[in-house]
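Below is one structure, written out as structure tokens, with a few remarks after it.
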Amino acid sequence: MTPTAPARVRYAPSPTGRTHIGGVRTALYDFLLARQTGGQFILRIEDTDVKRLVPGAEAEIMESLRWLGLDWDEGPDVGGAAGPYRQSERAAIYQEHARRLVQLGAAYPCFCSPERLAQMRQEQQKRKEPPHYDGLCRRLAPSESQARIDRGEKHVIRFRSPEDGTTTAVDLLRGPITVENSTIDDYVLLKSDGLPVYHLAAMVDDHLMGITHVLRSSEWLPTFPLHVLVVRALGWTEPTWVHLSVFLSPTGKGKMSKRQAVDTKGGAKSIYALDLRDLGYLPEAVVNWLALMGWSYDDRTEMFAMDDLIQKFSLEKLNASPAAVNFTKLDHFNGIYTRALSNEDLAARLGPVFAQAGLKADREALVRIAPSIRERIRTLDEAVEIAGFFFRDKVEPSAEALIGRNMTAEASRAALLAAEARIASATDVGGKDLEQELRSLAAELGLEPGQLFGLLRMAVTGQPVSPPLFETMEFVGKETVLARLRRAAELLAQ
RNA sequence: GCCCCCAUCGUCUAGUGGCCCAGGACGUGGCCCUCUCAAGGCCAAAACGGGGGUUCGAAACCCCCUGGGGGCACCA
């Protein structure tokens with residue numbers, strides 16, 4: 001049931017790599033649930049594996065969330081009453097709970113060396129047994145364990161999983177999941193470096209931070225019963241568990257891989273949030289797209305602004321089956337959101353894109369061309385492709401490209417010069433009068449309007465595809481248009 | 001190998017036993033509009049993986065198979 005009581009939810013990534021859309025989607029759902037119920041959205045960094053830490057990863061997590069408008073109420077940077085929010089700063093807390101578990105008899109110290117464990121596993125595989133801890137230290141008398149600890153022997157703390165019976169864990173989307181306890185391994189909870197493993201750290205933090213709903217990836221399903229057992233051993237009440245399906249690669253075959261910039265029809269794509277930003281996608285489009293990958297509202301509504309999502313999101317409508325990433329649909333959403341932008345807004349977002357392409361395009365100019373390109377772009381960077389010529393000093397089409405459709409070079413040159421003369425005497429190069437004038441000219445020359453216009457387009461813009469000819473000429477300016485037409489005629493004469 | 005999850009058009013999905021010879025969206029094809037490219041409008045093709053049950057009635061419930069995915073670390 002989607003709660004009406006304030007939900008406290010957390011997004012708890014590990015700073016071990018780049019921030020991809022799978023994680024971001026989980027964060028989105030967390031955020032929506034918190035905002036809808038008037039609860040809190042918490043960012044917690046799970047950095048207990050020192051070896052896998054990637055510098056800058058934490059910053060990328062935050063930058064990605066901010067870009068998409070997923071602001072958190074509590075976190076490493078903003079603080080909060082349940083902090084610290086970085087697990088590496090909470091080691092003492094986990095150690096205390098590990099001790100408690102040992103006292104309770106639900107966990108035990110294990111002194112086995114990594115070498116012994118590796119060998120054990122190897123032998124088990126040879127015997128075609130599932131790899132699992134063989135329980136050597138589980139059978140140690142507490143007094144002996146204590147003595148070895150006092151002697152300073154290196155050890156970990158393992159969970160003492162029940163020998164028989166079954167454990168049932170309830171997932172909101174899948175219902176009860178029951179497993180034989182004999183299949184639950186004696187997992188390590190606290191490593192010999194004193195830092196916890198996920199199985200302990202996440203359970204402790206979720207409880208201490210008052211988390212009401214745990215939304216996480218379905219990769220955790222296999223260890224879900226273990227988690228429930230840990231929580232119960234500590235005597236805590238469980239949160240509502242929601243396991244979100246993973247994303248599949250665009251073909252639907254195989255998991256979306258971490259290093260995947262697949263080449264779809266529109267060009268290179270990326271599964272990383274910040275790459276999407278740099279590729280010219282709008283955050284509102286990415287949010288809408290992501291929200292619909294695993295969640296739906298009804299049988300027809302697809303456009304959702306963040307406010308709509310906050311209002312309409314519900315856990316019940318989450319889909320338990322895996323979804324393939326569909327970048328083409330992202331393009332579609334992006335096109336719609338782009339077209340909905342005002343001239344000023346579009347110009348503002350285009351500024352950095354043109355700058356990055358090395359083109360000097362001031363805000364005022366961008367506002368003026370916005371109406372001409374809005375309907376022609378799906379991503380912001382396509383604007384450079386279609387309208388970059390506006391900001392280049394010279395256009396130099398090849399003589400070959402300047403020959404009109406079904407025309408000779410000479411006829412093309414003549415048409416260009418004839419058009420130049422008419423445009424020279426026009427008062428308004430963007431107006432209907434000139435258009436009529438040139439249509440008449442085309443008829444006089446025995447040309448289709450499209451042939452003449454195509455010729456002019458190539459001469460003025462240097463490209464076969466552009467915004468509508470007359471708006472384009474108006475923006476380029478009469479003198480420049482005339483100069484370019486003369487230059488084109490020259491090129492054709494050679 | 002063992003454990004767990006999932007299963008409707010190519011893709012995202014609606015569907016909670018009769019409203020479904022299955023609806024929407026993207027994509028695809030065609031037509032219209034049109035100075036190019038888009039945008040827009042109209043139309044079309046396209047799915048309940050297979051087999052058993054349950055039921056007066058199954059896309060929906062149960063079982064098996066198949067397929068897909070995930071997991072089996074002192075990673076998360």
Side-chain angles (χ1 to χ4, degrees), chain A residues 12-14 16-17 46-49 51-52 110 112-114 117-118 121 124-125 127-132 154-158 171 173-174 177-180 183-185 187-193 195-199 201-202 216-225 243 245-246 248 250-255 265 289 292-303 317 319-333 335 339 373-378 382 386 405 435 438-439 442 448-458 461 463-470:
Chain A
S14 288
T16 53
E46 310 223 330
D47 58 349
T48 56
D49 186 2
K51 298 181 292 292
R52 295 205 311 153
C110 172
C112 294
S113 67
L117 295 176
R121 239 172 258 130
Q124 285 166 343
Q125 284 193 336
R127 276 179 270 135
K128 293 201 187 307
E129 281 174 33
H132 64 283
K154 268 205 148 205
H155 65 281
V156 301
I157 301 296
R158 282 183 185 277
D171 173 78
L173 307 180
R174 297 151 223 270
I177 297 167
T178 302
V179 298
E180 297 285 337
T183 65
I184 303 177
D185 201 0
Y187 288 91
V188 169
L189 298 181
L190 197 72
K191 297 180 282 183
S192 57
D193 64 1
L195 287 174
V197 141
Y198 178 91
H199 309 310
R216 40 140 60 161
S217 157
S218 64
E219 312 177 313
W220 294 111
L221 242 18
T223 45
F224 182 23
H243 292 88
S245 57
V246 294
L248 267 27
T251 57
K253 295 256 180 230
K255 192 183 162 188
K265 204 180 158 209
W289 174 61
L292 257 16
M293 291 183 66
W295 175 81
S296 62
Y297 179 63
D298 59 19
D299 65 343
R300 49 196 67 256
T301 319
E302 284 216 314
M303 298 306 298
K317 301 282 282 181
N319 194 148
S321 50
V325 177
N326 185 350
F327 287 113
T328 320
K329 192 135 188 179
L330 204 214
D331 284 342
H332 171 250
F333 279 123
R339 267 169 258 137
I373 62 175
R374 174 183 290 109
E375 277 160 16
R376 276 163 256 274
I377 58 174
R378 295 166 88 86
E382 284 174 2
I386 191 163
R405 177 163 47 87
E435 180 175 345
L438 291 181
R439 281 179 186 279
E448 295 287 325
Q451 285 176 292
L452 211 216
F453 292 166
L455 209 47
L456 296 175
R457 165 172 293 108
M458 182 56 80
T461 71
Q463 40 190 63
V465 170
S466 82
L469 186 58
F470 294 90

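These numbers come from the heavy atoms of this one structure, side chains and all, not from hydrogens, waters or symmetry mates. All values reported here derive from a predicted model rather than from experimental measurement.
Judged purely by atom type and a 3.5 angstrom limit, A:Trp289 has no side-chain atom pairing as donor or acceptor with the backbone of A:Phe327. A:Glu46 places no side-chain N or O within donor-acceptor distance of the main-chain N or O of A:Ala202, the cut-off being under 3.5 Å. The main-chain N or O of A:Ser321 is found under 3.5 Å from a side-chain atom of A:Ser245 such that the two form a donor-acceptor pair.
Counting heavy atoms from C-beta outward, A:Leu456 and A:Leu438 have side chains that approach closer than 4.5 Å.
Protein atom CG of A:Asp331 is 15 Å distant from nucleotide atom C1' of B:rA25, rounded to whole Å. Taking atom NE2 on A:His332 and atom P on B:rC26, their separation rounds to 4 Å, with Å as the unit. Here the P atom of nucleotide B:rA25 and the CZ atom of A:Phe327 are 23 Å apart, to the nearest Å. Nucleotide B:rC2 holds its P atom 10 Å from the NZ atom of A:Lys128, rounded to whole Å.
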Grab the N/O contacts between the protein and nucleotides 60-65 of chain B below 3.5 Å, and write none if there aren't any.
none

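Look at the P atom in both B:rC5 and B:rC63: the space between them is 11 Å, to the nearest Å. Taking the C1' atom of each, B:rU16 and B:rG70 are spaced 26 Å apart, rounded to whole Å. Nucleotides B:rC65 and B:rA7 have their C1' atoms positioned 13 Å apart, rounded to a whole Å. With both ends at atom P, the span from B:rG49 to B:rC6 equals 15 Å, rounded to whole Å.
Using the Watson-Crick or G-U wobble rule with both distances under 3.5 Å, B:rG10 pairs with B:rC26. Under the Watson-Crick or G-U wobble criterion, with both distances below 3.5 Å, B:rC20 is left unpaired in every strand shown. Pair assignment for B:rC72: B:rG1, on the basis of Watson-Crick or G-U wobble contacts that are both within less than 3.5 Å. Of the nucleotides present, none pairs with B:rU55 by Watson-Crick or G-U wobble criteria with both distances under 3.5 Å. In a base pair of the Watson-Crick type (N1 to N3 plus N6-O4 or O6-N4) or a G-U wobble (N1-O2 and O6-N3), with each distance short of 3.5 Å, B:rA39 is matched with no nucleotide. B:rA60 is unpaired under the Watson-Crick or G-U wobble criterion, no partner having all donor-acceptor distances under 3.5 Å.
Of the inter-residue distances, the one linking A:Arg457 atom CZ with A:Leu455 atom CG reads 11.0 Å to the nearest 0.5 angstrom.
Take A:Trp295 and apply the ring pair (Phe, Tyr, Trp, His ring centres under 6.0 Å) test, not counting sequence neighbours, and it matches A:Phe304, A:Phe313. A search for side chain to side chain contact (heavy atoms under 4.5 Å, CB included) contacts involving A:Thr223 returns A:Tyr187, A:His199, A:Trp220, A:His227, not counting sequence neighbours. When the salt bridge (charged side-chain N to carboxylate O under 4.0 Å, His left out) test is applied to A:Lys51, the partners found at least two apart in sequence or on another chain are A:Asp49. Under the rule for a salt bridge (charged side-chain N to carboxylate O under 4.0 Å, His left out), the partners of A:Glu129 that lie at least two apart in sequence or sit in another chain are A:Arg127. With sequence neighbours left out, A:Gln125 forms a side chain to side chain contact (heavy atoms under 4.5 Å, CB included) with A:Pro131. With sequence neighbours left out, the salt bridge (charged side-chain N to carboxylate O under 4.0 Å, His left out) criterion links A:Arg378 to no other residue. Scored by the side chain to side chain contact (heavy atoms under 4.5 Å, CB included) test, A:Asp171 finds A:Leu173, A:Arg174, A:Ile177, A:Phe224, A:His243 as partners (sequence neighbours excluded). Residues meeting the side chain to side chain donor-acceptor pair (under 3.5 Å) test with A:Arg158, sequence neighbours left out: none.
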Per-nucleotide protein contact string for nucleotides 33-46 of chain B (B base, S sugar-phosphate only, - none; heavy atom under 4.0 Å): --BBBBSS------
Contact pattern, 5' to 3', of nucleotides 8-19 of chain B - B, S or - by protein heavy atom under 4.0 Å: ---BBSSS----
Produce a footprint string for nucleotides 71-76 of chain B: one letter per nucleotide, 5' end first; B if the base is under 4.0 Å from any protein heavy atom, S if only the sugar-phosphate is, - if neither. SSSBBB
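Residue-level contact check: A:Ile177 touches the backbone only, with heavy atoms under 4.0 Å from sugar-phosphate atoms and none from bases.
The number of heavy-atom neighbours closer than 6.0 Å to CD of A:Glu448, taken from other residues, nucleotides and ligands shown, is 12 or below.
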